[in-house]
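To start, the structure under review is shown below, and the notes come after it.
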Amino acid sequence: NAGVMQNPRHLVRRRGQEARLRCSPMKGHSHVYWYRQLPEEGLKFMVYLQKENIIDESGMPKERFSAEFPKEGPSILRIQQVVRGDSAAYFCASSPFDSYEQYFGPGTRLTVT
Amino acid sequence: AQSVAQPEDQVNVAEGNPLTVKCTYSVSGNPYLFWYVQYPNRGLQFLLKYITGDNLVKGSYGFEAEFNKSQTSFHLKKPSALVSDSALYFCAVSVNTDKLIFGTGTRLQVFP
């Protein structure tokens, strides 16, 4: 059973470009969470999704950030018009229905130049 | 608001000695508590969780943690540290099957 997959592992974007981060949850998991880790800091919750639904986006910046988890395919975290402050590691986690345990992917390290 | 505090940025311990990494929490409601470990440039690996039941929870790699409701603490412990335990450790709390609130992390350094 493959773990949570994230790609790309490393992403470099110039200021103003768009970044798309992908997350494939573990097989059988219907819940996806995105977290951001700034250098030397802990993980901060961004958004919680189920298939075709955003359940909690209280941690998402109001502008430029969006997330989706379509019926088919991976979850996507999209950052438009990136700025240097978006440079961070973005982690995806998944869990099965009604479970407390979240399984984390290896992360995508975004660098904005 | 829910919060987690890890008061020590770094813990140093000699190999073979017991280790403790501290965590306190603040939640309204019954807490679900977790410990994760992060190795350099890697994702988080689950160590153990407390949901309900026995206050002493045993997890992966010989780690355990004790839930103390009166002190609102969930300290991570191991009787005998290994050099390979050196990593970044995160405590986290949730009050439902929802988002995790993480502490700022404690870097554990085990010296040979």
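Proteins come first, then strands; the chains are lettered A, B, ... in the order of their sequence lines, and each starts at number 1.
With a 4.5 angstrom heavy-atom cutoff, B:I51 touches chain A only via side-chain atoms. Proximity to chain A is absent for every atom of B:Q45, based on heavy atoms less than 4.5 angstrom apart.
With hydrogens and angles ignored, the 3.5 Å screen pairs no side-chain donor or acceptor of A:R14 with any backbone N or O of A:T113. Proximity of a side-chain donor or acceptor of A:K44 to a complementary backbone N or O of A:L38 within less than 3.5 Å is not detected.
Both cation-pi conditions hold for B:K78 and B:F63: the charged atom is under 6.0 angstrom from the six-membered ring centre and inside a 45 degree cone around its axis.
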Given the rule in the side-chain hydrogen bond (donor to acceptor under 3.5 Å, both in side chains) test, do B:T106 and B:Q6 qualify, once you have shown the distances and angles that lead to the verdict?
-> CA-CA 7 Å; B:T106 298; B:Q6 293 182 244; 3.1 Å; yes
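Counting heavy-atom pairs closer than 4.5 Å to chain A, the top residue among B:D9, B:L100, B:L88 is B:L100. Ranking A:Q6, A:R9, A:Q37 against chain B, the residue ahead of the rest is A:Q37, based on heavy-atom pairs under 4.5 Å. The most heavy-atom pairs under 4.5 Å with chain A, out of B:L44, B:T104, B:V4, B:I101, come from B:L44. Between chain A and the residues B:K49, B:R107, B:Q38, the largest count of heavy-atom pairs under 4.5 Å involves B:Q38.
Note that the NZ atom of A:K51 and the NE2 atom of A:H31 stand 11.5 Å from one another [nearest 0.5 Å].
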